[in-house]
Structure formats: structure tokens, C-alpha cells
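Worksheet: one structure, shown below.
A, B, ... follow the sequence lines: proteins, then strands. Residue 1 opens every chain.
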Amino acid sequence: MDKVTCQIFDVDYVMANGKPIVRVFGKQKDGKTICLMFNGFLPYFYLYSVKEENYERAKKALQSAFPYLKFEIVERYLPIGYGSKKKVLKIIGADPSKIPDIRAQAEAFGTAYEADVLFKYRFMADYHLRGMTWIEAEVKPFKTETVKCQSYEAVSFKNIDVQENAPLKYLSLDIECISDEDRVPDPKNDPIIIISLAFYPKYRDKDQIILIAKKAGLKNERVMECENEEDMLQKFIDIVNTYDPDIIVGYNINNFDAPYIIERMDVLGLPKDFGRSSKSVLMRKLQQTSMTTIVGRVIADPYEILKSDPVVRFKRYDLNTIAKALLNDTKIDIGGAREIKQLWESDIKKLIEYAGKDAVLALRLVTEKHLLDKYFELAKISGLLLQDTFGVQTQHHEFNILSEFVKDGFIMPCRPKVPHTGDAELKGAIVFEPEVGLHNEGCTLVLDFTSLYPSLIITFNICPTTLLLDNSVQDYYEAPNKAKFVKQEVREGIIPRILKRLIDARAKIKKAMKSAKDEETLRLLDAQQNALKIMANSMYGYMGYGRSRLFVMPIANAITAYGRENIQKTKKLVEDKYPVKVIYGDTDSVFVKTKITDLDAAEQLGEEIADFVSDNLPGVLNLKFEKIFRSFLILSKKRYAGWSFEKVDGKWKDKIVMKGIETVRRDWCDLVGKTMKEVLSTILKEADIQKAAKQFRNVAQGLAEGKVPLEDLTVVKGITKPLSAYDGVQPHVELAKKILERNPAFGNIVGARIGYVIIKGNALISKRAEDPEYVKKYNLEIDADYYIQNQLLPPIERIFEVCGISAAELLEGSKQKSLLDMF
DNA sequence: TAATGGTAGGGGAGGAAAGTGTACCCATAT
DNA sequence: TATTGATATGGGTACACATTCCTCCCCTAC
């Protein structure tokens, strides 16, 4: 029998003769796409009832409604609570889409398990297949018209260990529509006039094609002139099918371009045939967002990817800001809908340049900034298909845990219809009351626990499957909240096991990174370790999430309770043993103040403390010496700055670290951020508070003289919900209302980040928030007093106050007295 | 398909609530 | 229709103004 190897890219199913055929779309090493058809797997779920006689009743009732059903009594472990296997009824169906109906009737006789697992994932879990991993399949030749790539009939699958990714093809797109000036383009009426495409790798020696919906006679070889919109969309479909991309990219494609194109195709009656299967494109509109699925291809939206990254944050996420920041390139600037219409009629060349650039920038973000690396690895680790990795963390854990459950004979609860709430609240972590002020007489050591919550889960075997609900076992851990978990010797929990694997794998990769030579390998490894970290660290969040399948309040509370106990113990251990003081700590960290001024000596003590504490705590709990603050300024809980020293390759490297304060917050204007950075650096590095005060006065002076550019005064805040849902009055919300009034074509405002400046006047601040562009256009006057009193002064004052300088002293000096008089 | 891991915590803005100061009237004591 | 010395004191009320507290919201730390 023939064998083929491929990387799993997409999975779905089609119905044939009343039974499903699973289709596995795979990528081969040379980039070729194949489809493996698998016959004979049927959808099923479990029903559990304490009363076994219910199974017979259920069978009878279900059989009459669904005569084709098959039943088996099997033994499985229930997921929550330590116990032995129970008899459960396995109900085997035929058409996956009918399972919800069957479940609904079955639930009259017991509790359904795994009845809401998508069929493709049901199949993948049972056959141990994971997204983006490599398999070897035994195959027979197979002919079908239903897919557009080479297909085989698969007989069996085997996992193989390959780290690399198959080469993928990327198509980036951006559309332009034409609409009346004052509203959002509506796919029901407003045509698409341009579809701009960019390719990686090249398509027929071109890296770009711009389709336009009229004959303009441009003689530009990048431009494909079409008869009309319908012709253009048809050509677009042809190009997609010929180029056959794996990934379709676009900036905000998920919420604009993709649904728009599909709705236009519906309006014009064109077949939406650009997936890897015949009837293959599906678009769902949800309340705020829409979602497009294209069989065999993956839609990647750099806008959504960047926006959801908690590590790299931007003040705004418009393509121009992002391109400038990440690619050092800019978008071509034209105005709004009005200009598009004008250019379409008068200056189509400029419009083409504009549209062309957007598609290229979106593509470059993905290919040059490697935005997808993380998701490739997340897919491999969680087992999800690539297209589902962009979504929420819950899904990653659900499939990952399901896979493990299947192996060990556990069954997974259905997703709760309403969020679980326990009797008690989920109590979080401890934040130590900080010793506010500037600490620069001796070094402050920072130590923290590596992956605290995962470590606790592993150490105390915390898992729904080990939760002890009776007195059947004597060997257990009792958490501070009284929850009990059987020890590892009795049964190792599934979740601790998963976490252990994630942590071990990460340690291995981090080691490999140290000896990695080329950049490509290093990047791959870094993406791997990052994905592992994300998975491990978010497990606790999943367990404390009310809609999680495995939510049990005492378990979530046990984790945090252990965490609180642990950090208290740590503080005590350190202070009892060493002549030091813990001056701050948050969740998993301690900030240890010493009298040592020498870096190397401080490091030595740090390592010693770390070892001592780790040795005196149970299990895999590991306190790590992180860095030294030569000077450390703490303002309040979660707000501090320090001059940090870390050893890199045997050499001390210093930098200013800032947490929580205005410099790292996106809802303060840049002027504040810049000034604070300058002042903090002076205080921390030079301990010259008078100089710092002078620096502040200079800035205030500049502000009073109107020398500060508008960009530095712009405050940016996000709109998090529909404007009508706001109860209070807030600057950015009030401005958003104004913007929508002025430009009804603005589009969806939820999720937008609004930049504003405060102009002079007597009204509420909120009513004086104005769009910087508008201020420029109408030459409005900035309220310098607001910027001094409400932006600059409060944060600066807070810093100086803990250093022992009052506001009055800060503003001292003849110039400054008059400065305040000026307003 | 339906929803979009967790809690702790700071701080701005607005507005309600509670406090302060003042003017005025009135009653009472001297 | 009629009260009706002057002054000090205190209570009550209305109102303006300043402060405090609370809520909503955003964003961050971990």
C-alpha cells in the first residue's frame, strides 16, 4: 500500500449515502496540497445516569425517534471527582449535524457527555491527530470531484516527528468599494471597484495584481482591467483557484473584506467557489463580528493578531500606525469614502497605488514579521487546526484536554449552557503592601516563581480527576481552602500531566535556543517556547472560567489559595533567614531589599535565597533569582520603576524597568510618557531630584509656550462597547459620538481606539475632547491648563512626593510661579 | 456554533452625597 | 389689622460652594 506524509492543515467532512466522510487536507514537504478521505468514522456521544435502568429506557425512546442509532454500554471515568469507572451509554449516530437533536432527547434520561464536540475534532481526538503536525498515512488511490487537489483514500494514520513547517502560499487582499459619502458601504447596494492582491511567493512572476472593475486603458501590467464588477469577481475567483493559496491575508479582512466579497457574490449570483472543495465558502454574521470559513484555506487577519497580543502593545492599530512601527513604511494617504469616489472618476492611478499598497503592507506584516509563527506552534501543542488557533484560549485547552481524556478513558462534560458560579467567589492572588518610596541605598533583589500556578497544580496534583469528594483515600493533599486532591501515587491528574509535559518541553527548547546557530531555527524555537508558555500559563484561567467544561469552584480556589500561602511562606522564609526585608511582592514575586551595593555580591545572595527557598518548598515549586534593582522606586501596588541589572552572557546589562505607571499606559498622552521617562531616569540613575524637578519645569514651560506638538498631547482610549451602552460621560466616548455625527461612514466604532486632545473652554472635560485633525483644521486652542493640571502634574507629583518633594517645591522658582499665573 | 481564560489594583472623570459657610429670619434672653 | 427699645445668642432654612465618596471605565500586573 502507498504511503504519503503531510502536515495537517484542515479537516472537515462531507456526507455520502447518509454517512460522513472525513477529509484531511494536508501540506506536503514540497508545498503540494493533498486530501485524505477517511470512511467509516461515526459521530457519537455518551450518556450517564446513576440509575442504570435509564439506559434501557433511553435506548427505546431514542431508537423510535432515530432508528439508525447504535448503542453500547462502555466503562469510562467521570471527569469530576476521584472514583472508579462507571457504566455509560455510548450513543452512535450517523449524521453529525443531527447529534444536537439526539442529545436533546437523550438528556431526559441522564447527563450527556461530549455531545457538543465538533465532528472534525471528535475524529482528530480519536485518531490522535493534531493540527499542523505531520502524519504518515497508508493510502489507496481515490477519485473525487469534490476537492480541487490530489486526493487519496486513507486507511490508517501514524504521527511522525517533524518540526519544520511545509512551505505555504500567502495571498493578501484588500478591496475598495464605492458608496455615498455619508454612510458605511453596504454590500447590498455598493459595488466593489478594486480588488488588490499581493502574493508570497510570486504568482506568475508577479508579486501583485490589482483588479479594477472598469476598462480604464492604463496599460499597467500590474493592473487587470475588467468589464465590470461581476467580471472582476469572477477573475478574482479564477486567480485564487489558480494560485491556490493556503493563507488568505488582509488587514481587518475578517470584519470587512471577506464578508463584503461574499455578500457581493451573493447579490450578483456568483458561485462562491474559491476554497479547496466545491461548495466551500461559509460566512456567518454574528452580532459585532463575522466569520468566514474557506475549506482548505486559512484566513489570517494581522489586525486581529496584533490587537490581541498582550505583550507588544500599540496605541492605535490603524494600518498606517502599524506599518510605520513595524515595517518602517507608510500607507498612501487619501481621505475617506468621498475621495475614493472622486479618484475613481478622475485619478484612478492614485487610487490604484493606494489600494495596492494596503494589500502589500498586510502581506509584509505576516511574512516579514512572522506573525503566524506563534499560531503554527499553538496548533501543534493544543492540537487545534490552524484556523481555530486565532480564537480564544478556551478552545486550545478543550481540545488538548479532550485528547488526553480519550487516551485515559475519561469522558468530557458538555460546555455549560450558562456560566457556572460557585457558592463562593474565586479569590485571587496576594499583592503585598509596598514600602512606598525610593530605595537606592542598597540593591533590591527581584525573585519570582517560574510558572507559579502550573507548578502548584503539578505539585499538589490539582485536577478535576483527582478531586477527592469522599473519604475513600487517605493519601491526599489538603489545600488551604479545604479542597482535597489524591496524591500522585493514587492517580496522576490529567491536567498536572499536561502541564508537566508543557513545562518540560519548554525547558528543553530554551536549552536548545542557547546553542541555536541560525536565525531561522532560533525564531522557530522561540515561537515554540512562547506557545508552550502561553498554554501553560492560561490553564489556570481556563479552570477558573465559568464556561469551562471542567469548572469547579473549589479547584480554582485551591490553586489561588495555595498561591497565597506559598508567597507568604516565601516572604517568611527569606526574612527569617537573611538580614533583608521584603518590600513588595505580587502573586509570585518578592522584592528583597538588601544593604549590598556590589552587583556581584547581590547576585550571589539572590541565587542563594532562590536556592534556599526552592529547597524548602514542596514539589516543583522553584523560586528564581530574576534581576537586581540598583535603585527602585515604588509608588503603589502594581506601579513601580527601577534601574535593573541583569547578567547576559556574563556581563551586566542595565535598563530602566517601568511597570503600571503612566509611561507604559496607553491612555496618557506621549508628553507625559516622555517627561516621566526622563525624570525617572534622572532619579533612578543619578539620584538627582533637583535636576529631575528642573527637567519637569522645562517641559511645563514648553507646554505653556505652546511648543508641544499636538501628537504629544493626544490621549488615546479604546471604545469597548456600543456608545449607547455607556452609563457615564467620558472624553473618548463623547468624541466618538461627535466623530460618528460628522462622518456617518466611519464604520464600526466598537473596538476602535479614539485619540483626543482637550481644547479650551468651560464645559466638562468630556465635552471638550476633540479630534486632533479637527483641531488642526479649525485651528482650535489647546487647554494648556488641563495638560498641566490633569496630565503632567498628577503623575509627576506622585513620583516627587514619594521622594520627599512637595508640589509647591516642584513648581518653585520665579518662572514657575508666573507659569501658573499665566493660565 | 457561540462566545471570546482569571483576580487585584490604580487612577481619571463625573456625579451624587454629605459637609461648610453664609445670609437671613425668627425667637428668646438680657 | 397691628407690632415696634437695643443687643446678643441660637435655631432653622435656603443656597452656594467645596470636599468626599462612589461608580463607571480603562488599562495594567501577575
Report the residues that fulfil ring-ring contact (aromatic ring centres under 6.0 Å, His included) with A:Phe45, sequence neighbours left out, ordered by chain and then residue number.
->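 None.
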Contact class for [X] vs. all strands (heavy atom < 4.0 Å): base, sugar-phosphate, or nothing?
X: A:Gly541; result: base
X: A:Tyr726; result: sugar-phosphate
X: A:Phe449; result: nothing
X: A:Ser538; result: base
X: A:Lys767; result: nothing
X: A:Pro794; result: sugar-phosphate

Quick one: is [N] close enough that its OP1 or OP2 comes under 4.0 Å of any side-chain N or O from [X]?
X: A:Arg798; N: B:dG10; result: no
X: A:Asn790; N: B:dA13; result: yes
X: A:Thr394; N: B:dG5; result: yes
X: A:Arg415; N: B:dT4; result: no

Verify whether the ring centers belonging to A:Tyr121 and A:Phe399 lie closer than 6.0 Å.
->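 A:Tyr121 vs A:Phe399: aromatic centres under 6.0 Å.
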A:Tyr584 ring center within less than 6.0 Å of A:Phe432 ring center =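 Not under 6.0 Å, so no.
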Could you tell me which residues satisfy side-chain hydrogen bond (donor to acceptor under 3.5 Å, both in side chains) with A:Lys738, sequence neighbours excluded, listed by chain and number?
->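 Expected list: A:Glu770.
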Taking side-chain hydrogen bond (donor to acceptor under 3.5 Å, both in side chains) as the test, write out the residues that go with A:Asp448, two or more places apart.
->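 Partners of A:Asp448 by the side-chain hydrogen bond (donor to acceptor under 3.5 Å, both in side chains) criterion come out as none, since no residue qualifies.
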Where does the angle between the aromatic ring planes of A:Tyr545 and A:Tyr542 fall among parallel (under 30°), tilted (30 to 60°) and perpendicular (over 60°)?
->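 Ring orientation of A:Tyr545 relative to A:Tyr542: tilted.
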Going by the angle between their ring planes, with limits at 30° and 60°, are A:His732 and A:Tyr756 parallel, tilted or perpendicular?
->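 It falls in the parallel class, under 30°.
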Looking at B:dA8, B:dG15, B:dT4, which one has an atom nearest to any side-chain atom of A:Lys638?
->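 Closest nucleotide among those given: B:dA8.
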Look at the side chain of A:Trp668 and decide which nucleotide, out of B:dA2, B:dG11, B:dT4, has an atom nearest to it.
->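 Of B:dA2, B:dG11, B:dT4, B:dG11 is nearest to the side chain of A:Trp668.
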For atom CG of A:Asn400 and atom P of B:dG5, their distance in whole Å =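 From A:Asn400 CG to B:dG5 P: 16 Å.
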Gap between atoms NE2 and C1', on A:His732 and B:dG11 respectively (whole Å) |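 Those two atoms, NE2 and C1', are 14 Å apart.
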Provide the distance between the two P atoms, one in B:dA3 and one in C:dA29, to the nearest whole Å.
->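 After rounding to an integer number of Å, I get 31 Å for this pair.
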P gap between C:dC30 and B:dT4, integer Å |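 It works out to 26 Å between them.
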First and last nucleotide of DNA chain C touching chain A, 5' to 3', heavy-atom cut-off 4.0 Å?
->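 The contacted stretch runs from C:dC24 to C:dC30.
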What stems, by residue range, does DNA chain B take part in, given at least 3 consecutive Watson-Crick or G-U pairs under 3.5 Å?
->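 The stems that DNA chain B takes part in, listed by first number, are B:6-17 with C:19-30, B:19-30 with C:6-17.
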Near DNA chain C, under 4.0 Å by heavy atom, which residues of residues 656-666 of chain A?
->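 The answer is A:Lys659, A:Gly660, A:Val664, A:Arg665, A:Arg666.
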A:Asp388/A:Lys120 salt bridge by N-O under 4.0 Å criterion =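 Between A:Asp388 and A:Lys120 there is a salt bridge, with a charged N closer than 4.0 Å to a carboxylate O.
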